[in-house]
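Chain naming here is simple, since letters A, B, ... match the order of the sequence lines and numbering starts at 1 in each.
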Amino acid sequence: MSPPIVRRGRAFVFGDQIDTDVLAPGPYMKKPLAELARHCMEAVDPGFASRVRPGDIVVGGVGFGIGSSREQAVQALLELGVGAVVAKGFARIFYRNALNLGLPALVCEDLEASEGDELEVFPVEGRIVNHTRRREHACEPIPAALMDVVAAGGLMPWLERRLGARAG
Amino acid sequence: MPAMTLPEKILARAAGLDAVRPGQIVTCAIDLLMMHDSGGPRRVAARLEQLGATVWDPSKVIVVSDHFVPAADLDGAEILALTRRWAAANGVTHYDGIGICHVVLQEHGHVRPGMFCVGGDSHSPSGGAVGAYMVGVGATEITGALVTGTLWIKVPETLRVRIDGALAPGVAAKDVMLHLCATLGMNNDRYVVEYAGSAVAALSMAERLVLCNMTAELGGETGIVEPDATTEAALRAAGVPEPIDYARWRSDPDAPVARTVAIDGSRLPPQVAAPHSPANSRDVAEAERVRIDQAYIGACTGAKLSDLRMAAEVLKGRKVAKGTRLLIAPASTAMTAEAAREGTLATLTEAGAILLPTGCGACAGMGAGMLAAGETCIASTARNFKGRMGSPDARVWLGSPYTVAASAVAGHIADPRGFLA
């Protein structure tokens with residue numbers, strides 16, 4: 001059994017349709033991840049990369065991650081230490097990429113949070129606690145087919161386990 | 001057996017089931033896997049090594065180098081070299097700098113009706129033009145697919161877009177998709193979009209590709225068109241010798257669909273999308289007089305031979321406006337050659353167009369043609385997200401190749417219908 005995945009941090013709140021060029025701008029795609037991550041969200045919030053701290057939670061509206069299949073859009077957030085993304089809705093490739101890379105992505109339509117609110121996210125149970133507002137919110141469940149991958153910490157650890165089991 | 005839509009039939013076949021229903025999660029066997037130089041070997045090679053795993057079936061894997069071609073700097077050159085080495089070492093087909101992946105796959109007849117295909121690129125729905133179910137995924141998932149030869153899919157609901165009434169002169173599939181982005185929005189991830197109707201049946205394969213391609217902008221799972229005699233003719237022209245059972249791959253007439261949207265193509269005027277989203281589309285008349293620094297004809301969406309011909313129709317005997325630059329990056333070298341043979345290329349260059357190398361280029365913020373802060377561009381590409389083509393302070397509009405060419409001549413956004421004989 002993997003340890004339960006729980007993430008706690010400050011909320012960074014964004015609007016609808018945060019696209020993959022905002023998350024991982026095309027002009028920096030050839031660069032190492034650390035350099036790319038410094039430009040994450042700069043088109044909508046130039047100070048984001050310098051203010052975000054490990055464990056912080058990104059909150060988005062509908063269509064979070066719309067656009068390219070580039071998984072650097074997820075990896076830039078992981079590189080900055082983002083602990084989870086909660087949104088009203090995700091673009092399909094971003095959602096798959098996030099869970100495959102071990103970044104909890106949760107759909108929650110009624111989450112109310114302002115920048116700086118202290119959030120705690122329980123991906124497996126499917127709930128979010130806003131400690132600042134003392135409110136709890138339910139999330140849409142992660143599809144069962146993906147829960148194994150999420151519980152393993154992502155697709156690579158899941159594949160390692162599966163291939164290891166086959167070899168052993 | 002229950003009545004099924006075309007996408008459901010393909011998923012059922014790939015999953016080895018008699019039938020599937022929306023919401024069901026199925027594991028599909030992959031008939032074709034495509035990846036490119038940006039999301040491909042560069043990002044999967046080390047992961048495969050870490051897993052000690054090999055490609056499940058090299059005959060089903062195709063690598064296309066199209067993002068960093070031709071190398072403009074050392075970073076790009078090293079990525080391209082790694083891609084070549086990996087493709088050779090793993091015995092997979094590699095198209096190296098001869099065109100944009102979605103276009104190259106169809107030029108060479110790799111995608112066939114009824115196939116289940118996976119692409120390491122968000123515009124992979126383009127494969128639906130041939131009557132295949134093709135989805136885009138990221139590089140970690142491509143790694144898993146390369147190892148297992150499978151991909152899980154949550155069977156989507158079918159959204160049918162019926163387009164009847166032939167598109168008017170100067171109006172293209174691109175205008176239809178911009179209109180749909182504005183009316184349906186970009187959050188349609190629960191749907192696979194099936195494009196049907198007499199106007200779709202009348203479209204060329206290149207124009208059907210645009211419909212399916214920009215299903216990515218609708219946020220759909222993928223897009224698809226029922227294969228027909230046009231599909232068969234294109235596959236024959238691509239050198240496919242085997243029989244093509246396209247009649248098998250149709251939606252049952254009584255198959256339920258979640259939603260139907262009807263469009264009268266004959267009444268649709270040219271569309272343009274304002275910065276910074278394809279969903280900001282409106283009739284071109286509402287945007288005329290917006291001054292243009294750069295007009296860009298490029299990408300899988302907007303620089304195929306048919307797109308170059310649209311631009312040439314407008315540009316014939318005209319010149320690009322002073323103070324405006326027109327850049328053209330054809331979608332494949334074979335299309336560039338054909339455009340040269342038939343005279344289309346001369347029409348473009350005589351009008352003052354600057355010819356760029358084939359590849360994804362400035363559409364992906366990767367090649368020549370980047371924008372400075374404060375500049376305004378109109379492009380035949382699929383996306384105008386903030387910062388995508390250069391500075392986050394540049395403004396990108398989207399339009400059809402007709403509209404981009406007309407705007408280049410006028411120096412401001414212009415309705416192409418006034419430029420057609």
Please flag which part of B:Arg42 lies under 4.5 Å from any non-hydrogen atom of chain A: side chain, backbone, both or neither.
side chain
Under 4.5 Å from any heavy atom of chain A - which part of B:Ala53
side chain
So do A:Glu71 and B:Thr140 actually touch side chain to side chain, heavy atoms under 4.5 Å?
yes
Can you name the residues of residues 32-47 of chain A that have some heavy atom under 4.5 Å away from a heavy atom in chain B?
A:Ala43
Distance from A:Ser69 atom OG to B:His36 atom NE2, nearest 0.5 Å?
5.0 Å
Can you tell me which of B:Ile25, B:Ile142, B:Asp75, B:Thr27 forms the most heavy-atom pairs within a distance under 4.5 Å of chain A?
B:Asp75
Hey, could you give me the CZ/CG distance between B:Phe385 and A:Asp21, rounded to the nearest 0.5 Å?
7.0 Å
Determine whether A:Asp16 and B:Asn187 make a side-chain contact, defined as any pair of heavy atoms from C-beta on separated by less than 4.5 Å.
no
Between the side chains of A:Gln17 and B:Ser277, does any donor sit under 3.5 Å from an acceptor?
no
Give, for atom NZ of B:Lys154 and atom CG of A:Leu146, the distance between the pair rounded to the nearest 0.5 Å.
10.0 Å
Take A:Ser68 and B:Arg383 through the side chain to side chain contact (heavy atoms under 4.5 Å, CB included) test and state the conclusion after the steps.
CA-CA 10 Å; A:Ser68 158; B:Arg383 290 187 184 137; 3.8 Å; yes
With chain A, which of B:Gly136, B:Gly219, B:Pro392 has the greatest number of heavy-atom pairs at distances under 4.5 Å?
B:Gly136
Side chain from CB out, backbone as N, CA, C, O: work out which of these in B:Met370 comes under 4.5 Å of a heavy atom of chain A, or both, or neither.
side chain
Residues from residues 82-100 of chain A approaching chain B under 4.5 Å (heavy atoms)
A:Phe90, A:Arg92, A:Ile93, A:Arg96, A:Asn97, A:Asn100
B:Arg388 side-chain N/O to A:Pro25 backbone N/O, donor-acceptor pair under 3.5 Å:
no
Non-hydrogen atoms of chain A under 4.5 Å away: do they reach the side chain of B:Leu51, the backbone, both or neither?
both
Side chain to side chain contact (heavy atoms under 4.5 Å, CB included) assessment of A:Lys30 paired with B:Met366:
CA-CA 9 Å; A:Lys30 272 182 294 200; B:Met366 284 171 177; 5.9 Å; no
Of all heavy-atom pairs linking A:Gly67 and B:Ser122, the shortest is O-CB, 3.2 Å
I want to check something: taking the side chain as every heavy atom from C-beta on, are B:Glu217 and A:Ile66 in contact at a cut-off of under 4.5 Å?
no
Could you please spell out the steps behind the side chain to side chain contact (heavy atoms under 4.5 Å, CB included) verdict for B:Thr148 and A:Arg162?
CA-CA 11 Å; B:Thr148 64; A:Arg162 187 180 134 148; 3.8 Å; yes
Is it the side chain or the backbone of A:Leu101 that comes within 4.5 Å of chain B heavy atoms, both, or neither?
side chain
Are B:Ser38 and A:Met29 packed together at the side-chain level, in the sense that at least one heavy-atom pair is separated by less than 4.5 angstrom?
yes
Against chain A, label B:Glu78 side chain, backbone, both or neither, depending on which of its atoms sit under 4.5 Å from a heavy atom there.
neither
Rounded to the nearest 0.5 Å, how far does OG1 of B:Thr143 lie from CE of A:Met156?
6.5 Å
